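A short worksheet on the structure shown next.
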Amino acid sequence: MNFSDLATHPHRRFNPMTREWVLVSPHRSQRPWQGQVEDLPPETQMAFDPACYLCPGNVRASGTRNPAYAETFVFDNDFAAMKPDTPTLEIQEKGLFVAHSEAGRCRVVCFSPRHDLTMARMSVPELRHVVDAWVEEFHDLGSQPHIRSVQIFENRGAMMGCSNPHPHGQIWANETLPNELTKELIAFGDYRRLHDSTLLGDYLALELEKQERLVCANDHFVLLVPFWAVWPFETLLVSRRCLSGLDELNDEERTALADILRRTTIRYDNLFRTSFPYTMGFHQRPTDGQAHPEFHLHAHFYPPLLRSATVKKFMVGYEMLGMPQRDITAETAAQWLRDVPAEHYLDRLSTK
Ligand SMILES: [Zn+2]
Ligand SMILES: [Zn+2]
């Protein structure tokens, strides 16, 4: 089988980051369906919502009043999934009943005081404040003695179960490494021992050579649809320089990250002319006090939409019981994301 056969014949692709496989069925996606757009109105057009617990000056469920913040605002989640003061617990019976306590902290990051913005509608200087807030949180949380993992993420859109359109993300920091980071750490470590380079650095170099799955780029970051993508329009954002965490970004790279996040989310919005839902998040080195030269900073975007603003991909049947499957190839998805205009479909109004 040659690379050219991948466009027509069923096959499976290997994800070297997680060591899992995805089934690709390109013969099922021959029908043309690009361009089905519904021009749905934005989720909200209110710059300030008196009922929103994230808007400046409003009172949250905990009774705390938000400050009149002007850029970003970070606070401890009032309904945190983990707490710092968790009693130690260990259950182990015949390897069949195993449980451990997990202490941690959950933070909320408001990206902007404006209730009606999304990353795609924010300016680069506005997004730079978000990047700075992430860096600060990664550093502060990661410096705490018992925190080994700092997971920064955003759940965007009602389709992803995010009930509040106010632009915000979350940070969960905890004692042990979560499953996804563990898989990557093992793969990255093994790769470095074998090749004396980073897996993602070598992968990025190959993708830059082949050009087929690139979406957009700037001087410091590249957005591409990974060869092994599972979600129809899944992308991987990789730093050109090998950094193990956001805290290693220099001033220029922080602005470049803000820029590429804006470009990425604009392309997503333009694809089906809707405020594109997704889960996105960064993977960074564990904050265990060790150097992790094998780790290469990146972000994953996992959007659920399949062929329009309302038709989403379901992970059911064979995918729940066997392995994930996709019809449209990573190469086609990259082409579509490349082909949309770079400017947002809604004429961007000044945020001032
Ligand atoms: Zn709000
Ligand atoms: Zn990752």
Side-chain angles (χ1 to χ4, degrees), residues 15-20 22 42-61 64-75 78 108-119 121-122 126 138 149-158 162-170 172 177-191 198-201 203-204 221-231 234-239 242-246 275 278-286 292 294-302 351:
N15 179 341
M17 297 173 77
T18 60
R19 299 178 171 175
E20 287 163 354
V22 54
E43 280 181 271
T44 179
Q45 287 177 307
M46 278 191 286
F48 171 80
D49 179 355
C52 169
Y53 63 92
L54 300 175
C55 276
N58 287 353
V59 177
R60 303 202 305 273
T64 314
R65 184 178 292 279
N66 294 333
Y69 64 97
E71 286 153 359
T72 57
F73 169 51
V74 187
F75 61 94
D78 298 321
V108 177
V109 184
C110 294
F111 294 167
S112 161
R114 281 273 300 267
H115 185 79
D116 58 340
L117 296 184
T118 60
M119 281 213 262
R121 309 303 303 281
M122 288 169 69
E126 286 166 339
F138 178 72
S149 157
V150 180
Q151 182 59 60
I152 295 173
F153 65 98
E154 181 194 9
N155 238 357
R156 162 92 234 112
C162 180
S163 51
N164 191 338
H166 195 114
H168 71 286
Q170 301 189 53
W172 291 21
L177 301 191
N179 301 347
E180 296 306 311
L181 194 58
T182 302
K183 286 185 238 172
E184 286 187 357
L185 202 65
I186 292 170
F188 288 172
D190 287 351
Y191 190 93
T198 68
L199 185 154
L200 271 186
Y203 174 64
L204 180 61
F221 288 91
V222 177
L223 181 78
L224 53 89
V225 178
F227 184 69
W228 51 83
V230 166
W231 294 94
E234 174 178 335
T235 55
L236 183 67
L237 179 61
V238 191
S239 61
C242 180
L243 312 159
S244 64
L246 290 167
S275 188
Y278 57 76
T279 280
M280 73 79 66
F282 293 91
H283 278 150
Q284 310 183 70
R285 71 175 184 278
H292 283 280
E294 79 279 27
F295 209 91
H296 193 133
L297 173 70
H298 62 279
H300 301 275
F301 278 84
Y302 298 131
T351 57

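It should be emphasised that the depicted structure is a prediction, and the values quoted were computed from it without experimental measurement. In each ligand, atom 1 is the first atom listed, and ligand 1 is the first ligand listed.
Inclusion of Cys110 in the first shell of the Zn ion (ligand 1) is not supported: no N, O or S atom falls under 2.8 Å.
Look at Glu126 and Arg114 and you find no salt bridge, because none of the NZ, NE, NH1 or NH2 atoms lies under 4.0 Å from a carboxylate O.
Ring geometry, Tyr203 versus Trp228: the interplanar angle falls from 30° to 60°, so the pair is classed tilted. In this pair, His298 and His300 present their aromatic rings perpendicular. The plane angle is above 60°, beyond the 30 to 60° band.
Looking only at its N/O/S atoms, His166 has ND1 as the one nearest to the Zn ion (ligand 1). Note on Glu184: its N/O/S atom closest to the Zn ion (ligand 2) is OE2. Shortest distance from the Zn ion (ligand 1) to His115 is reached at ND1 (N/O/S atoms only).
A side-chain donor-acceptor contact under 3.5 Å links Asn58 to the backbone of Asp49.
Side-chain polar atoms of Ser275 and Arg156 form a donor-acceptor pair below 3.5 angstrom.
Between the ND1 atom of His283 and the NE2 atom of His298, the angle centred on the Zn ion (ligand 2) amounts to 120° when rounded to 10°. Here the Zn ion (ligand 1) is the vertex; the SG atom in Cys55 and the SG atom in Cys52 give an angle of 110° (to 10°).
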